[in-house]
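Positions are given from 1 along the sequence.
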Amino acid sequence: MANTASVDWPERWAHISKLLERGSKMAHPDFEPGPDNLKGVNQCKILVVGAGGLGCELLKDLALSGFQNIHVIDMDTIDLSNLNRQFLFRLKDVGSFKAEVAARIVSQRVPGCNVVAHNCKIQDKNDDFYRSFNLIVCGLDSIVARRWLNGMIVSYLTTSPDFQMKSPSVTAPGKTLYMASAVIPALEELSRKNLRLSLKELGLADGHEIAVADETLSQPLTFRLQLTAPAMDVTQ
C-alpha cells in the first residue's frame with residue numbers, strides 16, 4: 001500500500017521539473033517543455049519486467065523520478081546470493097518473491113508511489129495485461145525472455161492508418177506499421193495533445209528511408225517507405 005501521508009511538499013519535484021520544463025540541445029526536437037509534463041509522468045502506468053539487479057535499479061529510479069503507478073512482474077524468489085547487489089532485499093526476505101518484496105519496499109519508501117507485484121512468469125499474462133500499460137521497461141537478463149517480450153510487444157503493431165503516432169515505430173517494404181494506441185493514450189499524449197500526427201504530416205513520403213536498430217542485429221536494417229499503394233498495371 002502506498003504511503004499517502006505528505007505525498008507532496010515544496011520543491012519535491014524541483015529536480016525533475018528542471019528536465020521537464022526547460023528546453024535543451026540534448027532534447028528530442030519534438031519535446032515541448034512545460035509544467036503539464038510532470039502530470040503525464042505522475043499518471044503514466046508503467047510495467048517493470050524483472051525485479052532482480054536491473055529491476056531494483058529501475059524501480060528506484062522510476063519512483064524517485066515521479067512515476068507513481070508502477071507494476072513489476074517476476075517469477076523468482078530471493079536467494080542469499082542476490083543480497084550483494086539487489087539492494088531492495090534483506091536477509092529476512094530470502095525465500096520470498098522478488099516482485100512482492102520490491103513492490104512493498106518502494107511503496108513504503110517513496111510517498112505517493114504505488115507499486116503492484118505480479119509473482120508469475122511473463123508468459124502467464126495475456127495481451128490485455130500488457131496492453132494496459134503506457135510504458136513497458138525490460139529489466140531481464142535472460143536473452144530468451146527478452147526476445148519473447150520483444151516479439152510479443154511488436155505483435156501489437158498494426159497497419160491501420162486509424163492508429164497514428166508522432167513517428168514511425170517499425171517499417172517494412174510496402175507498408176508502414178503504426179503503434180496501436182487506442183486502448184490507452186501514449187505517455188506523450190497525457191501531457192502534450194498535439195502529437196497524434198500522421199507520417200505525411202511529419203514530412204515523410206514515398207522513398208524515404210528509416211533505419212531500425214536492434215541489439216540482436218549486427219547492424220541496423222534500412223527500409224524504404226511506400227505510403228501510397230503502387231499503381232496497377234492495366235495493360236496486363
Side-chain angles (χ1 to χ4, degrees), residues 1-20 38-153 184 187 190 215:
M1 186 73 177
N3 180 7
T4 57
S6 302
V7 170
D8 286 322
W9 53 88
E11 304 301 318
R12 178 182 185 185
W13 304 115
H15 59 304
I16 299 298
S17 295
K18 291 179 180 179
L19 298 175
L20 300 176
L38 179 59
K39 183 185 299 183
V41 171
N42 294 153
Q43 296 177 356
C44 177
K45 184 180 180 183
I46 185 168
L47 172 67
V48 175
V49 183
L54 294 174
C56 285
E57 292 286 350
L58 287 169
L59 288 168
K60 178 259 295 181
D61 291 342
L62 289 169
L64 293 177
S65 297
F67 292 92
Q68 298 180 337
N69 186 6
I70 305 174
H71 290 237
V72 57
I73 182 171
D74 198 309
M75 62 174 285
D76 289 340
T77 56
I78 300 168
D79 186 78
L80 183 63
S81 62
N82 300 144
L83 302 184
N84 68 326
R85 66 189 187 282
Q86 298 176 19
F87 59 88
L88 294 178
F89 310 138
R90 299 294 182 266
L91 184 60
K92 63 182 177 62
D93 299 321
V94 171
S96 301
F97 282 105
K98 289 183 177 181
E100 185 174 319
V101 175
R104 183 180 71 249
I105 295 300
V106 173
S107 296
Q108 291 174 349
R109 294 287 184 87
V110 184
C113 182
N114 182 40
V115 185
V116 179
H118 301 274
N119 306 316
C120 60
K121 298 179 180 179
I122 57 176
Q123 296 90 341
D124 291 342
K125 295 296 186 180
N126 58 25
D127 286 354
D128 292 337
F129 173 79
Y130 289 104
R131 288 180 183 271
S132 69
F133 294 97
N134 296 102
L135 291 176
I136 298 177
V137 183
C138 182
L140 299 171
D141 54 10
S142 167
I143 297 297
V144 174
R146 288 163 66 177
R147 285 179 173 172
W148 183 92
L149 184 66
N150 289 343
M152 182 270 301
I153 294 175
I184 52 175
L187 172 61
L190 289 173
E215 62 182 12

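Among all heavy-atom pairs drawn from Cys120 and Ile73, the shortest one is O-CG1, 3.6 Å. Taking all atoms of both residues into account, the shortest heavy-atom contact from Asp93 to Arg104 is OD1-NH2, 3.7 Å. For the pair Leu59 and Ile70, the tightest heavy-atom approach, listed with the atom from each and the gap, is CD2-CG2, 3.7 Å. Residues Ser17 and Leu38 come closest through the heavy atom pair OG-CD2, 4.4 Å. Closest approach of Asn84 and Ser81 over heavy atoms only: OD1-O, 2.9 Å. Nearest heavy-atom pair, Ala51 versus Val72, reported as atom, atom and distance to 0.1 Å: CB-CG2, 3.9 Å.
Residue-environment remark: CG (Asp79) exceeds the threshold of 12 foreign heavy atoms within 6.0 Å.
A heavy-atom distance below 4.5 Å is not found between the side chains of Ser132 and His71. Within the 4.5 Å cutoff, side-chain heavy atoms of Phe67 are placed close to those of Val41. With a 4.5 Å cut-off on side-chain heavy atoms, Ile153 and Ile136 count as touching.
With sequence neighbours left out, the ring pair (Phe, Tyr, Trp, His ring centres under 6.0 Å) criterion links Phe87 to no other residue. Residues meeting the side chain to side chain donor-acceptor pair (under 3.5 Å) test with Asn119, sequence neighbours left out: Glu100. With sequence neighbours excluded, the residues forming a side chain to side chain contact (heavy atoms under 4.5 Å, CB included) with Thr77 are Phe97, listed by chain and number. Residues passing the side chain to side chain contact (heavy atoms under 4.5 Å, CB included) test with Ala145 are Ile122, Leu140, Ser142, sequence neighbours excluded. Legend: residues meeting side chain to side chain contact (heavy atoms under 4.5 Å, CB included) with Ser96, ordered by chain and number and at least two apart, are Val101.
The backbone N or O of Cys44 lies less than 3.5 Å from no partner atom in the side chain of Asn69, so there is not a single donor-acceptor pair.
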* In sequence, state the C-alpha distance, the side-chain angles, and the governing distance for Val115 and Val48, and then conclude on side-chain contact (heavy atoms from CB on, under 4.5 Å). => CA-CA 10 Å; Val115 185; Val48 175; over 6 Å; no
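The list of side-chain hydrogen bond (donor to acceptor under 3.5 Å, both in side chains) pairs with a residue in residues 49-68, not counting sequence neighbours, reads Glu57-Lys60.
Note that CD of Gln108 is 5.0 Å distant from CD1 of Ile105, once rounded to the nearest 0.5 Å. Note that the CG atom of Leu64 and the NE2 atom of His15 stand 7.0 Å from one another [nearest 0.5 Å]. Annotation: the span from Leu62 atom CG to Leu135 atom CG amounts to 9.0 Å, rounded to 0.5 Å. Separation of atoms CG (Asn82) and CG (Leu88) is listed at 11.5 Å; rounding is to 0.5 Å.
Ring-plane geometry between Phe133 and Phe129 is classed as perpendicular, the angle between the planes exceeding 60 degrees on a 0 to 90 degree scale with a lower cut at 30.
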